Amino acid sequence: MKKFILAILFTLFANVAIAQYTLIVPQGPGQGTSVWAEIVAKGLTKVLKEPVTVRHFPGARDLPGFNEFHNKLRFDNKTLMVSHGGNAVSYLLDNVDYNYADYDLVGLMNLNIVIGKHKSLSVKTDKIKVAAAAGYEPDGAAMAMLACGPMENGSIDLYLKCFKERIIWVNGLNGGERRLGFLRGEFNTTRESPSAWFKFYEGEKAGKHNELWFTHGVYNLSTKQQNYDPNFPNFLFEAEFERLWGVKPSGELYEVYTLTRRWRDVLQKAIWVNKGNPNTAVLRDALSKMLTDPEIAELVEKDTGKYQWIVGGSPEGNNVFGDLQTLVKRNTLNNAVKWNREAYNFPSIFKEQLVQ
Amino acid sequence: MIEYLLWIFIGSLYGMLIGIIPVAGVTTALLTVFSMGDYFLSDPYLGVVFLTSIIASCASADSYTSILTGIPGANTTAASIIDGYPMSKKGEAGRAIGISIFDSTVNGVLYGLLAFALLPYYGKVILYLGIPEFAAFMILSIICVGFVISKNIFKSLIAISLGLFFGMIGQEPSTGTPRLTFGWDYLEAGIQIIPIISGLFGFAELYDGFKHKKPNLPVIQNYKEQVLQGFSDCIRNYKDMLRGGLIGFATGLLPGVGGAIGDFLAYGSTTAKYKKETFGNGNPKGLLGCEGANNAQKVSSMIPTVLFGIPAAPFAAIMMAICMYFGIELGTPSLLDNQQFTNSLLIGYLSGTILVAIFSLLLMKQIIKLLSAPYWIYALVISLVIIYANLEYTGTWRDIAILFAFSIIGVVFKKYEISRPAVLITYVIAERVESYTKQSLQLYSVEELISRPLVIIILVIAIGLFIKSFKHKGFSYT
């Protein structure tokens, strides 16, 4: 028994003592960003020729993972942090220690989100049933605008009233449950990553009953414009709103929508290191090389779809923190907090420091 | 193709090796390969084939330890000891092994084919079930695992309460606010399944193994003749053999139940049929009546797991966790439309069942040698791999602290016979029972809910089972 215990202690110590690149993922194993990070870790291992492992620090709204990175792990030059679109919500949460201004970008994958619906759903009149989750803030705002149409000044209060009447926002379903609920008709909308959309609903798989409704489009970090996604060339929220209601979307809720969409666009899915990390250039270079590896490129494409990568240090990747901040205004931030709290029961708070 | 064959071979051999280690069964085998999850990211179906070949071969090999040493290879083969071990002591170890190989292979292949042939139809059925039916079904599962198969209602209540408590740690499902975390942010994503299974089952069983004395291993004479005699026993009593498989298959289908009762029910049915015969002193009918139940139960346990995401047994819970790791979410009925997935399940399971029979026939001498190795060596290797698997999560002391806590709970619960499967399965489905109930109330009015006949039928069955169990077993603290 003694030998047994000694060997266990030795293994524990050895495991902690081995230095290697580590990707911190603020999710549990198997979740979307974790799988993506495992693929990236595999690719970086190949290029760097040293092990890159994934460590999971899940927790409510990803706070434990990011806070752990910010307060402790970022000072280790071999530790990297992975963010995803869902991290946008933490801008409006309490107990957030971290700040992207303190980090340098290694690279980001410029992704999109797809919303589908039943063909039979009459957006202007029917109740819209949504299987929701954290990180769906822009989706809910977009659905409310599409369902309720233009409101006076795009008033957040009027939209909130309409949201409560027209949208059934059901939390707590995982991806499989959401899809099943959509297939059997309990929900008449679904929200998917592009790869999941292709996998489950594109072409014949869409069947007679489902169709793509809109996407959020892809943010161009050079031109600072929201563009059509080449994978879904005819679908963008703004275009769908105009088609349905004859005018362009505008007003308070639209500003909330564009703000939360921008946060998500820049954060999904990105890899960060502490500012001044001496390995930053090596990691950016490794990421660039990894992207030319056909095996890894194929794996990533299979996981997330065909999307552009922005490598840190490039002209587009130079000012991502600025991209996160440009749409932040006091009134918009206030409305975002109100919308989150009242539409989604989401415990948001206003943060003065974001405006400053 | 070659890679698939290679991983089937590795999985079958590995499953057999873990299976023959005393008290280490399929759950331990899967725990030790958890860290390999990311290897299969590029081809998840390869991972499915690997896992199912481990499950199939381990289910067969578990019995050899029970028969040869009198120590359960796993709790699902405990019934095999009753007549299998006395046969070994009487010098009929080869015959008992022959029965085990033939019975496990026939029942494994037969019920494997049956289960997988039916898989595509389950997906169609499930489209008729909504969130309220799922909620009712989960409640029924808790009643089944907690009260129907338990001997002691009081201990069941402890197990279920703790399972619910562990399952509710983390976030409130509709608002995402932290709850029951005691201010420890590590717990905000809930307690992870790997430390729970590792502690409750992995370490608790390994610890238990230290209590067994080193077995006196039998010397097998006339191995080939004895094995053939075992085969002929099975052929002669094929009805008993297939009935045992059928009972195992049926118990595996029950969500939350597919644990250690299938083989005992099968054994009981054989003894009931041959009332004039004596059992427990090496009657081959006793062994062949229960031996295949374990294999059939393993395969049917996958049905509620794949279909509803309700693990029918601890091994199924860890299979869910590993599959999640490489991107296959069990409990997603659309998976059943995925031919490659169902083929992988079938190929892995059948290949594992057949390969382990071949390995066993060829390698029995080596198996006996392995069984004679000091127990602490197995325990050490398995413990290290399990610890490594647990460090896959955050890689910090926190993972080990949770593992340690659950190991203590596992050892204590094993000692006091408080159902660990009930804790695990209630933990797995606790949050879903809660969220399904809330979602049902959001999506449907009370009138709509009570007009759904299946919901009412399932709930009436659940309440009936609870009352019957309570009346039958009483409420004793011991």
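To find a chain, count down the sequence lines: A is the first, B the second, and so on, and within it residues start at 1. Bear in mind the structure is a predicted one, so any value in this text is a computation, not a measurement.
- Counting non-hydrogen atoms of neighbouring residues, nucleotides and ligands closer than 6.0 angstrom, the CD atom of B:Glu448 exceeds 12 such neighbours.
- A distance-only check finds a donor-acceptor pair linking the side chain of B:Gln442 to the backbone of A:Trp169 [under 3.5 Å].
- Residue A:Leu173 comes nearest to B:Gln439 through the heavy atom pair CD1-NE2, 3.4 Å, listed as atom of the first residue, atom of the second, then distance.
- Residue contact with chain B, scored on non-hydrogen atoms closer than 4.5 Å, is absent for A:Ile24.
- Between atom CG of residue B:Asp399 and atom CZ of residue A:Arg55 there is a gap of 8.0 Å, rounded to the nearest 0.5 Å.
- By the side-chain hydrogen bond (donor to acceptor under 3.5 Å, both in side chains) test, A:Ser195 pairs with A:Ser193, sequence neighbours left out.
- With a 4.5 Å cut-off on non-hydrogen atoms, A:Lys127 does not touch chain B at all.
- Scanning for salt bridge (charged side-chain N to carboxylate O under 4.0 Å, His left out) contacts around A:Lys46 gives A:Asp293, A:Glu295, with sequence neighbours left out.
- Between B:Glu133 and A:Arg184, no side-chain nitrogen of the basic residue sits less than 4.0 Å from a carboxylate oxygen of the acidic one, so the salt-bridge criterion is not met.
- In this structure, the side chain of A:Glu186 engages the main chain of B:Ile131 through a donor-acceptor pair within 3.5 Å.
- The environment of B:Phe404 atom CZ is sparse: at most 12 non-hydrogen atoms of other residues, nucleotides or ligands sit within 6.0 angstrom.
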